[in-house]
A.B. asks: 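One structure follows; several queries about it will come next.
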Amino acid sequence: MDVLYFAWVRERIGLPREAVETQATTVMGLVDELRAREERYAAAFADISALRVAVDQQLADFDAPLDGVREIAFFPPMTGG
Amino acid sequence: MDVLYFAWVRERIGLPREAVETQATTVMGLVDELRAREERYAAAFADISALRVAVDQQLADFDAPLDGVREIAFFPPMTGG
Amino acid sequence: MRICVQEAPFDFGAETAAFAAGRSVSGAVVTFTGIVRDVTGGLVAMEIEHYPGMTEAALGEICSTAITRWSLEDALVIHRHGRLETGEMIMMVATAARHRKDAFEAAEFLMDYLKSRAPFWKREITAQGADWVAARDEDEDALTRW
Amino acid sequence: MRICVQEAPFDFGAETAAFAAGRSVSGAVVTFTGIVRDVTGGLVAMEIEHYPGMTEAALGEICSTAITRWSLEDALVIHRHGRLETGEMIMMVATAARHRKDAFEAAEFLMDYLKSRAPFWKREITAQGADWVAARDEDEDALTRW
């Protein structure tokens, strides 16, 4: 699936988007896999209370299932307006 | 002093403005003098709870004093906006 | 602060653009515009009477109160009188503040006060005749919020 | 309903005028505009990142919710992204309803939601560097009102 990063999450990980092969069944499972990859991922996902997630462009919780999902995005709380 | 009438008060009395000589010391005293004049005044001032008054272009109460006042206006509740 | 009481139409787009462009410290601009509507059916036109002199004074006082209370950078009120057809703009207010909450509240305050405390009287002209619009209790009640 | 997510500036006067002129049943039009401000001193520019695709979807959903809840005749959201200088307009919303209370509430609802639920991220550029703007607790708290 495609994993997207925005704002300081993008900066910390160093790329805006990547294709990820995962065995995880929930968003949190995917986060744990990413954390285990490299220090920059561990740093970006150190405190998930500071993060928000969108599943197929809809805001979701970290326990959301990944079944059939094509796009996941991680980003800090939004600051529009 | 000048006495002004607006909206249906003006229509009921039949004129927008007139100079009035009065001995009254309060707005209510003036209202009583006007009521005693003619039926059209009595009709216009029949229910003062339906009226508002401005003394020298400031909203006022019916017990406001007339000392030094140059202009009194009677009108229904305002409907601006 | 600018108060305009006028019979002529105003250019809403030009007024809002000029008001917003004139800002130096405000991050938030709110505008409100009232338009003549045929709510009950059969409205031919609206006539608005006002009290020259007192109208400008009352609007100025309401505006000054809002500027002080919400620390506005600026406020604008334009209110027409005379005969207006359905679809014409009756009036507008604009407020500018650092934060959106202040700009919104001040605009609502201006509207609530000029509905019930500025000397305008509306009359609806229909094929059957002309009727003075009665003040609504809820407009008077709206003032208790402030 | 019209949702625009764009890098280019928008013409606030022309947008507000067109929005108000397009009304047929509404007696009340409210607009809000946000302007880039140098609040702390030293701001060079603001950069706004967004999530193409999700941004339009989220704004559309927020707008549809407002239209239904306040029986709006229409609503408009324009939000810019990319680099904006101090004094430039970031975004605007407009709402049209029969009564002023609905138009005001719907505009405040749109603002509260697009602050915290539309995928935009602001970064302030100063001489010292660039800082992501932190979400404010009060913006999140504002949602509990609705």
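Just so it is clear: chains get the letters A, B, ... in the order the sequence lines come, proteins before strands, and each one is counted from 1. All figures in this text were calculated on a predicted structure; none of them were measured in a lab.
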A.B. asks: Top residue by heavy-atom pair count (under 4.5 Å) with chain C, among D/Ala14, D/Gly87, D/Ala28, D/Ala142?
C.D. replies: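 Most pairs with chain C among the choices: D/Ala28.
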A.B. asks: With a 4.5 angstrom heavy-atom cut-off, is it the side chain or the backbone of C/Ala18 that approaches chain D, or both, or neither?
C.D. replies: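 Contact with chain D is absent: no heavy atom of C/Ala18 under 4.5 Å.
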A.B. asks: Where does C/Asp112 contact chain D at under 4.5 Å (heavy atoms): side chain, backbone, both or neither?
C.D. replies: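 The answer is both parts of C/Asp112.
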A.B. asks: Can you tell me if D/Asp131 uses its side chain to pair, donor with acceptor, with the backbone of D/Glu124 under 3.5 Å?
C.D. replies: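 No: the side chain of D/Asp131 does not pair with the backbone of D/Glu124.
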A.B. asks: Among D/Ser24, D/Ala94, D/Ala103, which residue forms the greatest number of heavy-atom pairs with chain C at distances under 4.5 Å?
C.D. replies: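 So the answer, after comparing D/Ser24, D/Ala94, D/Ala103, is D/Ser24.
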A.B. asks: Looking at C/Glu105 and C/Arg145, is any side-chain nitrogen of the basic one under 4.0 Å from a carboxylate oxygen of the acidic one?
C.D. replies: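 So C/Arg145 does not pair with C/Glu105 through a salt bridge.
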A.B. asks: If the threshold is 4.0 Å, N to carboxylate O, is there a salt bridge linking C/Glu140 and C/Arg117?
C.D. replies: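 Result for this pair is yes, salt bridge flagged.
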A.B. asks: Mind checking whether C/Phe32 and D/Phe104 have parallel, tilted or perpendicular rings, split at 30° and 60°?
C.D. replies: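 Because their plane-to-plane angle is under 30°, the rings of C/Phe32 and D/Phe104 count as parallel.
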A.B. asks: Name the region of C/Lys101, side chain, backbone, both or neither, that has any atom closer than 4.5 Å to a heavy atom of chain D.
C.D. replies: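 No part of C/Lys101 comes within 4.5 Å of chain D.
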A.B. asks: Among D/Gly13, D/Ala17, D/Ala20, who wins on heavy-atom pairs under 4.5 Å with chain C?
C.D. replies: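 Answer, by heavy-atom pair count under 4.5 Å with chain C: D/Gly13.
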A.B. asks: For chain C, find which of D/Ala96, D/Ala107, D/Ala21 contributes the most heavy-atom pairs closer than 4.5 angstrom.
C.D. replies: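 The answer is D/Ala107.
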A.B. asks: Which answer fits D/Asp11, side chain, backbone, both or neither, if we ask what part of it has an atom under 4.5 Å from a heavy atom of chain C?
C.D. replies: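 Contact with chain C is absent: no heavy atom of D/Asp11 under 4.5 Å.
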A.B. asks: Tell me whether the centres of the aromatic rings in C/Tyr113 and C/Trp146 are closer together than 6.0 Å.
C.D. replies: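 Here the rings of C/Trp146 and C/Tyr113 have centres that are no less than 6.0 Å from each other.
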A.B. asks: Which region of C/Val25, side chain (C-beta onward) or backbone (N, CA, C, O), has a non-hydrogen atom less than 4.5 Å from a non-hydrogen atom of chain D, or is it both or neither?
C.D. replies: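 Backbone of C/Val25 only, per the 4.5 Å heavy-atom cut-off to chain D.
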A.B. asks: Measuring centre to centre across the rings, with the benzene-like ring taken for any Trp, is D/Phe120 within less than 6.0 Å of D/His79?
C.D. replies: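 Close enough - the centres of the two rings lie under 6.0 Å apart.
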A.B. asks: Identify which one of C/Ile48, C/Ile35, C/Ile125 satisfies the side-chain contact (heavy atoms from CB on, under 4.5 Å) criterion when paired with C/Leu84.
C.D. replies: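 Exactly one option meets the side-chain contact (heavy atoms from CB on, under 4.5 Å) with C/Leu84, and it is C/Ile48.
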A.B. asks: Quick one: what part of D/Met92 sits under 4.5 Å from any heavy atom of chain C, side chain, backbone, both or neither?
C.D. replies: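 Neither the backbone nor the side chain of D/Met92 comes within 4.5 Å of chain C.
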